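Structure, as C-alpha cells:
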Amino acid sequence: MEKRELLYEGKAKKLFATDDPGLVIQYFKDDATAFDGTKKATIASKGVINNACSEIFFRLLEGHGVRTHFVERLDEREMLCRRLDIVPVEMIVRNVMAGSLARRLGRPEGDRLAAPIVEYCYKSDALHDPLINRWHVTVLGFATGAEIDTMTAMALRVNEILTPFLAARKLLLVDMKLEFGRFQGDILLGDEICPDTCRFWDADTGRKLDKDRFRHDLGDVAEAYHEVHRRLTSPA
Ligand code: 5GP
C-alpha cells in the first residue's frame with residue numbers, strides 16, 4: 001500500500017490517497033483549534049494520542065459489530081481507513097448536561113440526563129455547525145430518512161458500548177461527536193473518537209480530561225490527553 005497525494009487538510013487531520021481507491025490514510029496533527037478556528041495552538045503529542053485512542057475505540061466497536069472506517073493503525077500518526085463519502089451531518093450524543101446544550105437551555109453543567117439525547121449539526125465551519133433536525137437532513141438532501149435512522153441507531157449503539165468501557169476506567173462519557181459516511185452501499189462510522197471529539201470527565205472528581213481544557217484555558221491539556229490514553233490502555 002502506497003501513500004499518494006494529499007486529498008484534504010482539516011484542522012486536526014490530513015487525508016492522503018493511496019494506490020487503492022477504496023482506502024485513505026488519516027494523518028493526526030498536533031494542531032488544535034477551537035471556536036471555529038479563531039483559537040489555535042499546538043498540543044504536544046496530541047496527534048499520537050488521538051490516533052492511539054481512536055484505534056482502541058474503533059477496535060472495541062468493531063468487536064461489538066459496529067462497522068467503522070478503521071482498517072489498521074500504520075504508525076504513531078497514521079491510520080489506514082476505508083474511503084467514505086462523508087455525510088455532512090455531525091451526530092452529537094449526550095449523557096450529561098454540558099457544553100452548547102447547557103448554554104442553549106441556560107442550565108448548569110453536570111446533571112445526568114434521564115436518557116441519552118441525540119442532536120444533529122450541519123457540518124459547516126462557515127456557519128458554525130448549526131443545529132438542525134431530521135427534517136432539515138432529509139428535505140435538504142444531506143441524507144435519506146433510512147440513512148439518518150441508521151446513523152442515529154449506530155450513534156446510540158456506540159454510546160452504549162463506550163459508556164461502560166469508559167466507566168470501568170473511571171471516565172464519564174459526557175458527550176461526543178460522531179461522523180458517518182457511505183461505503184459500498186453501507187453506512188460506516190468515520191472520523192476519530194478521542195479527547196478532541198468527546199467530553200471525558202474523571203468519574204470521581206469530575207475533572208475535565210478533554211479538549212475543554214484547551215477551549216477554556218484550564219491548563220494541563222497535554223497531561224489530560226495522556227491521562228485518558230493511560231486509562232484506556234490500563235487493565236480495567
Ligand atoms: P457541544 O455542542 O456541547 O459544543 O459539543 C458536544 C460534543 O461534541 C463535545 O464532546 C464536543 O467535543 C463535540 N463536538 C461538537 N462539535 C465539534 C467539532 O466541530 N469539533 C470537535 N472536535 N468536536 C466537536
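Each ligand, and each atom within it, is numbered from 1 in the order the structure gives. Remember, it's a predicted structure, so these values are computed and weren't measured experimentally.
- Applying the salt bridge (charged side-chain N to carboxylate O under 4.0 Å, His left out) test to every pair with at least one member in residues 163-173, sequence neighbours left out, gives these pairs: Lys170-Asp204.
- Using a 4.0 Å cut-off between charged side-chain N and carboxylate O, Glu72 and Arg59 make no salt bridge.
- Atoms of ligand 1 lying under 4.0 Å from any heavy atom of Arg215, numbered from 1 in the order shown and given with element: 11 (C), 12 (O), 23 (N).
- Among protein heavy atoms, the minimum distance from atom 2 (O) of ligand 1 is reached at Ser100 OG, 2.5 Å.
- Residues His69 and Phe58 bring their aromatic ring centres within 6.0 Å.
- Listed by number with element, the atoms of ligand 1 under 4.0 angstrom from any heavy atom of Ile92 are 6 (C), 8 (O), 15 (C).
- Residue-ligand proximity: Lys123 is placed with every non-hydrogen atom at 4.0 Å or more from ligand 1.
- The residue from Glu119, Arg94, His128, Lys177 that puts a heavy atom closest to atom 13 (C) of ligand 1 is Lys177.
- Between Arg103 and ligand 1, no N or O atom pair is found at a separation short of 3.5 Å.
- By the criterion of a heavy-atom distance under 4.0 Å, neither the backbone nor the side chain of Met97 is placed next to ligand 1.
- Within ligand 1, the atoms closer than 4.0 Å to a non-hydrogen atom of Thr197 are 10 (O), 12 (O), 13 (C), 22 (N), 23 (N), numbered from 1 in the order shown.
- Of the protein's non-hydrogen atoms, Asp175 OD1, 2.6 Å is the one closest to atom 10 (O) of ligand 1.
- Judged by distance alone, the side chains of Asp149 and Thr152 never bring a donor and an acceptor atom under 3.5 Å apart.
- With sequence neighbours left out, the side-chain hydrogen bond (donor to acceptor under 3.5 Å, both in side chains) criterion links Asp31 to no other residue.
- Each of the atoms 12 (O), 21 (C), 22 (N), 23 (N) of ligand 1 lies under 4.0 Å from some heavy atom of Asp196.
- Ranking the protein heavy atoms by distance from atom 6 (C) of ligand 1 puts Arg199 NH1, 3.6 Å first.
- A salt bridge links Glu9 and Lys29; the closest N-O separation between the charged side-chain nitrogens and carboxylate oxygens is under 4.0 Å.
- Distances below 4.0 Å separate heavy atoms of Gly99 from the following atoms of ligand 1: 3 (O).
- Listed by number with element, the atoms of ligand 1 under 4.0 Å from a non-hydrogen atom of Cys198 are 10 (O).
- A salt bridge is defined here as a Lys NZ or Arg NE, NH1 or NH2 lying under 4.0 Å from an Asp or Glu carboxylate O, and Asp175 with Arg199 meets this definition.
- Taking a cutoff of 4.0 Å between a charged side-chain nitrogen and a carboxylate oxygen, Arg230 and Glu227 qualify as a salt bridge.
- Interface atoms of ligand 1 facing Asp129, defined by a heavy-atom separation under 4.0 Å, are 19 (O).
- When only non-hydrogen protein atoms are considered, atom 16 (N) of ligand 1 lies nearest to Glu90 OE1, 3.6 Å.
- For the pair Asp191 and Lys123, the salt-bridge criterion is not met [side-chain N within less than 4.0 Å of a carboxylate O].
- Using a 4.0 Å cut-off between charged side-chain N and carboxylate O, Lys13 and Glu192 make a salt bridge.
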